[in-house]
Amino acid sequence: MNRRPPMALATAARAQVMRPSRQIAAYLLGGILVPSLIWSFFRGIGIDAPIALITLAHIFVANLLVWYTLNRLRTYARARLLSYVLPVNLLILGVIFSSNALLRESLSYSLYLACAAATLFVSYVVTTRVRHANPKLRHVIIPIGDIGKVLKSAGFQEVSDADSLEGLIKDGKITGSIVADLHHDHTPEWERLLAAAALKGVPVYHYRLIEEALTGEVRINHLRENDLGSLIPNTAYRTAKRVFDVAMVVLLSPLLLIGGIAIAALIKLDSKGNVFFFQERIGYRGEEFRMVKFRTMRDRKIADTTDARRDDAITKDGDQRITRIGSFLRKTRMDELPQAWNVLIGDMSWIGPRPEARQLAEWYEGEIPFYTYRHIVRPGITGWAQVNQGHVADLASIQQKLRFDFFYVKNLSLWLDILIGLKTVRVIIGGIGAK
């Protein structure tokens, strides 16, 4: 069977309309050549001048990185890419420009700015073209076995007759892919047809892979290798990610300290109590750690019972315990900033499944199978479930949250972390999902 990455199906139609080579050509033409010629005409400086060539070399690298980053992020479910065009461009173009301070090369600021603006425009045009593409690809689903609820509303053509499928294969009318329950005990005739389709170059996918690509979740039935790929996630990337986490804390420490002092002063002025709030959370490999955050609630006494401690750990809608400044800190997620300390000492990561309070984790473990598997990676200040679902506490919502967490563990990568980072910016600006 075809083993291309399952995310490819979600974007296969789009790729046919504007192939990567055409996208790159659009960036090189619209993001570099046209603005540089216009700049040369008005400034009276040839683009072969040393300062122009050095500037164009920088902008060339920036264009390729912008295209590559947006192209990779496009393969993930729930990636509303149009809203990420601006931050991706600003980040990459800014980093490339700033790197010049280390290289100490002379750049033409006007040329760089002209090409940067053109690159941003091209990014929006290319992304819009890809987003609204409507090619006539024909995807076929075999409605035998368990094909999943999502696929029934995903626009696939159902083919339940073996003769019909054979005709489509012979006539070359399947321009997309075939999706089936490959774990089902199909008849020899169906197995022969699926094999024949694969030999013809038609992608054949197990429905679970496509569900994940469309929903950004991993279904929870059993902890099977077929569902998660491997029970041990990307080891090499986890090591690199730890180095990145520490480096980011060090680089951001001046801003964190200045911002932290200002927030601490506001908390003291707003209500009585400590500036920081400490809580026992369950983290990496199921070990307990003490998480720190800015206090956003009024101090209160808690009865020494399991139910009382569990109830206190749950934040409810319109919770009266939240202070005025606490409401703002929660909406902007600024109450989480002290957790940079937890990241530095290895309890947490910047990105990962959100750690739960010990009382809630014990409750969930007793009610939800495989809940503890989410602890196989370091918990994060932000994560895939947080940017897609927001704050939840009831068991039904926790089930969905766990599916998001498993999707993150299975697809652990730099690109998924970048997407979560971009989504986090959107969440902070919009105050989405906070309580």
Side-chain angles (χ1 to χ4, degrees), residues 242 245-284 286-304 306 308-363 375 378-383 385-387 390-393 421 424-425 427-428 431 433-435:
R242 177 62 190 147
D245 284 340
V246 174
M248 286 300 296
V249 173
V250 173
L251 288 173
L252 295 174
S253 56
L255 292 175
L256 293 173
L257 287 173
I258 295 172
I261 292 172
I263 292 173
L266 291 174
I267 292 173
K268 292 297 289 184
L269 290 172
D270 184 54
S271 61
K272 296 180 179 179
N274 295 324
V275 169
F276 298 106
F277 172 72
F278 296 91
Q279 189 177 49
E280 301 302 319
R281 300 273 179 126
I282 303 300
Y284 186 42
E287 296 180 1
E288 191 172 290
F289 73 99
R290 201 176 190 212
M291 192 188 78
V292 58
K293 60 191 300 186
F294 284 121
R295 179 178 60 84
T296 59
M297 292 185 175
R298 297 175 181 84
D299 287 339
R300 65 273 184 194
K301 292 183 178 180
I302 307 170
D304 190 20
T306 300
R309 289 193 295 270
R310 180 192 300 170
D311 187 65
D312 184 73
I314 299 174
T315 304
K316 306 171 183 65
D317 290 322
D319 203 310
Q320 297 300 312
R321 298 170 297 172
I322 299 175
T323 63
R324 289 174 297 175
I325 187 63
S327 178
F328 170 76
L329 295 177
R330 282 174 171 267
K331 286 183 178 179
T332 59
R333 305 306 199 272
M334 294 176 69
D335 60 321
E336 314 286 0
L337 292 180
Q339 288 159 40
W341 169 253
N342 292 116
V343 174
L344 184 64
I345 63 177
D347 291 333
M348 296 178 65
S349 173
W350 287 102
I351 296 175
R354 188 72 183 145
E356 296 289 357
R358 178 172 53 82
Q359 294 81 6
L360 293 180
E362 291 173 352
W363 177 33
H375 303 315
R378 281 185 174 84
I381 295 177
T382 185
Q386 279 64 48
V387 297
H391 180 91
V392 296
T424 300
V425 174
V427 169
I428 290 174
K435 287 189 180 180

Quick one: do Phe277 and Thr296 satisfy side chain to side chain contact (heavy atoms under 4.5 Å, CB included)? Show the steps, please. CA-CA 8 Å; Phe277 172 72; Thr296 59; over 6 Å; no
Over all atoms of both residues, closest heavy-atom pair of Phe289 and Asp347: CD1-CB, 3.6 Å
Can you measure from CD (Glu362) to CD (Glu356) and round to the nearest 0.5 angstrom? 12.5 Å
Would you call Ile351 and Ile381 a side-chain contact if the rule is heavy atoms closer than 4.5 Å? no
Side chain to side chain, Val427 and Arg333, heavy atoms closer than 4.5 Å: yes
Give a yes or no on this: more than 12 heavy atoms of other residues, nucleotides or ligands lie within 6.0 Å of atom CZ of Arg324. no
What are the two closest heavy atoms between Pro355 and Gly380, and how far apart are they? CD-O, 3.6 Å
Interatomic distance, Met248 atom CE to Leu344 atom CG [nearest 0.5 angstrom]: 13.0 Å
I'd like to know if the side chain of Arg330 reaches the main chain of Asp335, judged simply by a donor and an acceptor atom lying under 3.5 Å from each other, with no hydrogens or angles considered. no
Smallest heavy-atom separation, Pro338 atom then Val292 atom, equals O-CG1, 3.5 Å
Could you check, using the six-membered ring where one of them is a Trp, whether Phe294 and Phe276 have ring centers closer than 6.0 angstrom? yes
Within the side chain of Lys293, is there an N or O that forms a donor-acceptor pair under 3.5 Å with the backbone of Met334? no
For Met297, does its backbone N or O pair with a side-chain atom of Thr323 as donor and acceptor, under 3.5 Å? no
Gap between atom OG1 of Thr332 and atom CD1 of Ile263 - 0.5 Å precision: 7.0 Å
To the nearest 0.5 Å, what is the distance between OG on Ser349 and CD on Gln339? 11.5 Å
Just checking, is any N or O donor in the side chain of Ser271 or Arg295 under 3.5 Å from an acceptor N or O on the other one? yes
Gap between atom CG of Asn342 and atom CG of Asp245 - 0.5 Å precision: 12.0 Å
Distance check, rounded to the nearest 0.5 Å: Ile325 atom CD1 versus Leu269 atom CG? 9.5 Å
For a quick test of reading the model, state the closest non-hydrogen atom pair linking Arg290 to Phe278 and the distance between them. NE-CB, 3.5 Å
For Ala264 and Val275, which heavy atoms make the closest approach, and how far apart are they? CB-CG1, 3.6 Å
Contact summary for Arg242 and Met348, nearest pair of heavy atoms: NH1-O, 4.1 Å
Would you confirm whether Arg298, through its side chain, and Ile322, through its main-chain N or O, come within 3.5 Å as a donor-acceptor pair? yes
